[in-house]
Amino acid sequence: MPELPEVETTRRGIAPYLEGREIREVIVRQRRLRLPVPEGLENALIGMRIGALSRRAKYLILPIDAAPGDAAPDDAAPDSVASGAVGAGDGIWLEAKPRQALLWHLGMSGSLRIARLGDPPKKHDHVDLVMEDGAILRYHDPRRFGFLDWLEGDGDRRLAKLGPEPLSPAFDDERLFQCSRKRRLAVKPFLMDNAIVVGVGNIYAAEALFLAGIDPRRAAGQISRERYVRLTAAIREVLAAAITQGGTTLRDFVSGTGEPGYFAQRLNVYGRNGEPCRRCGRELRLVTLGQRASVFCPSCQT
DNA sequence: ATTTGACCCTGCATGC
DNA sequence: TGCATGCAGGGTCAAA
């Protein structure tokens, strides 16, 4: 389900129900996700307050602060606080109580939704964060490839080696071109490498390559600078458009508030093997690259 | 060092 | 109807 646009859609959908609210109760029905849910998470979260949600690649980050009313212990050890995270205007209580954060990844089939007090959990609803006003952040994940963990401070190893955000200025065609030199890997799995650029999964890699007119099987190192200019623009374009449409709903993706995404109807190649190309009418072909299905137009993509 | 393959897990579509 | 098979939005790790 979730690539960058779906994670971003989720973040925007759930943020208004969480930010600045206190966690009243935590229910973990299934600890065995891709990583086990940390021991003691429930107690550590109760009474805490959720800060401003952010996203890095396909990870959601939920800052966890002590609630304003809490008296911080005098001897609170200022351990793994990210330096600079506790800045002016963040609130006086943060000085004494270290700020922490949850790192949440949705894997292949995970989703986060806002439920209401009394909504019965369904199968595969593994974790609930119940807020003070009765809103519930509910994690659903049939395949359990996702996880929920404490962020390991500033230099979390899971975030440390990530490439640039595709919608930020740090992602530019010159860098993409330079990274590709001497790479024999096919360009599609190259784009899906998180060290190169983050957030581009199987759907949007295929779509961006179609927009740029590049054959996904072509070796990354044998594509011209000029074509990387087009590809960079295509990646930005397709991700931004997908966010605007609320993501791609294939079978069950919904935003945090339950809306499906409407980008599926804009897909040019993903999932359309055997169907006619929207540009030239020729039949779209399927190949496997890096063990992932890759549909493309043999006429428009060279 | 780069690249490939196996693996984590369940649900669904397909074909017999 | 039941059963077996293959495939699915991601990421990590070991081995080639």
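Letters A, B, ... are given to chains in the order of the sequence lines, protein chains preceding strands, and every chain is numbered from 1.
At a threshold of 4.0 angstrom between heavy atoms, the contacts of A:Phe147 with the nucleic acid are absent. Contact annotation for A:Arg144: backbone-only contact, meaning every heavy-atom pair under 4.0 Å involves sugar-phosphate atoms and none involves a base. Heavy atoms of A:Lys161 sit nowhere under 4.0 angstrom from any nucleic acid atom. At a threshold of 4.0 angstrom between heavy atoms, the contacts of A:Asp141 with the nucleic acid are absent.
One can place CD of A:Gln30 at 15 Å from P of B:dC8, the figure rounded to the nearest angstrom. Atom CZ in A:Arg31 sits about 17 Å away from atom P in B:dC9, given to the nearest Å. When rounded to the nearest whole Å, the span between OH of A:Tyr139 and C1' of B:dC9 equals 11 Å. Taking atom CZ of residue A:Phe190 and atom P of nucleotide B:dT3, one finds them 9 Å apart after rounding to whole Å. C:dG10 atom P lies 6 Å from atom CG of A:Asn202, rounded to whole Å. At whole-Å resolution of the value, CZ in A:Arg157 and C1' in C:dT12 are 11 Å apart. As rounded to whole Å, 16 Å separates atom P of C:dG11 from atom CG of A:Leu33. Rounded to an integer number of Å, the gap from A:Lys182 NZ to B:dT3 C1' is 17 Å.
The shortest side-chain heavy-atom distance between A:Arg158 and A:His105 does not fall under the 4.5 Å cut-off. By the 4.5 Å heavy-atom criterion applied to side chains, A:Arg175 and A:Pro164 are counted as neighbours.
A:Glu8 and A:Arg12 are joined by a salt bridge, as a carboxylate oxygen and a charged side-chain nitrogen come within less than 4.0 angstrom of each other. With respect to A:Glu207 and A:Arg266, no salt bridge is recorded, no charged nitrogen being found less than 4.0 Å from a carboxylate O.
Nucleotide C:dG9 forms a pair with no other nucleotide shown, judged by Watson-Crick or G-U wobble geometry with both contacts under 3.5 Å. For B:dC9, there is no paired base (Watson-Crick or G-U wobble, both distances below 3.5 Å).
Distances shorter than 4.0 Å separate none of the side-chain N or O atoms of A:His105 from OP1 or OP2 on C:dG10. The side chain of A:Asn194 contributes no N or O atom lying less than 4.0 Å from OP1 or OP2 of C:dG10. Taking only side-chain nitrogens and oxygens, A:Lys58 never comes nearer than 4.0 Å to OP1 or OP2 of C:dG9. In this model, the phosphate group of B:dG11 is approached by a side-chain N or O of A:Lys123 to a distance below 4.0 Å at OP1 or OP2. Between A:His124 and the phosphate of B:dG11, there is a side-chain N or O to OP1/OP2 separation shorter than 4.0 Å.
For A:Leu185, taking side-chain heavy atoms from C-beta onward, the closest of the listed nucleotides C:dG10, B:dG11, B:dT3 is B:dT3. Ranking C:dT12, B:dT4, B:dC9 by closeness to the A:Gln291 side chain, first place goes to B:dT4. Nearest to the side chain of A:Met108, among C:dT12, C:dG10, B:dT3, sits C:dG10. For A:Arg183, taking side-chain heavy atoms from C-beta onward, the closest of the listed nucleotides C:dG10, B:dC9, B:dT2 is B:dT2. When the nucleotides C:dG10, B:dT3, B:dT4 are ranked by their closest atom to the side chain of A:Arg184, B:dT3 comes out on top.
As rounded to the nearest Å, B:dA6 and C:dG6 have P atoms that lie 13 Å from one another.
Both A:Val187 and A:Leu286 sit in one connected hydrophobic cluster of ILVMFWY residues. Membership requires side-chain heavy atoms under 4.5 Å apart, directly or through other members.
Counting distance only, with no hydrogens placed and no angle test, the side-chain atoms of A:Arg292 and the base atoms of C:dA8 include no donor-acceptor pair under 3.5 Å. Taking only distance into account, the side chain of A:Arg34 meets the base of C:dG11 through a donor-acceptor pair shorter than 3.5 Å.
Nearest heavy atoms, A:Ile50 versus A:Leu53: CG2-CD1, 3.8 Å.
With centres under 5.5 Å and a plane angle under 30° as the test, the ring of A:Phe145 is not stacked against the base of C:dG11.
Side chains of A:Tyr17 and A:Thr257: a donor-acceptor N/O pair is absent below 3.5 angstrom, by distance only.
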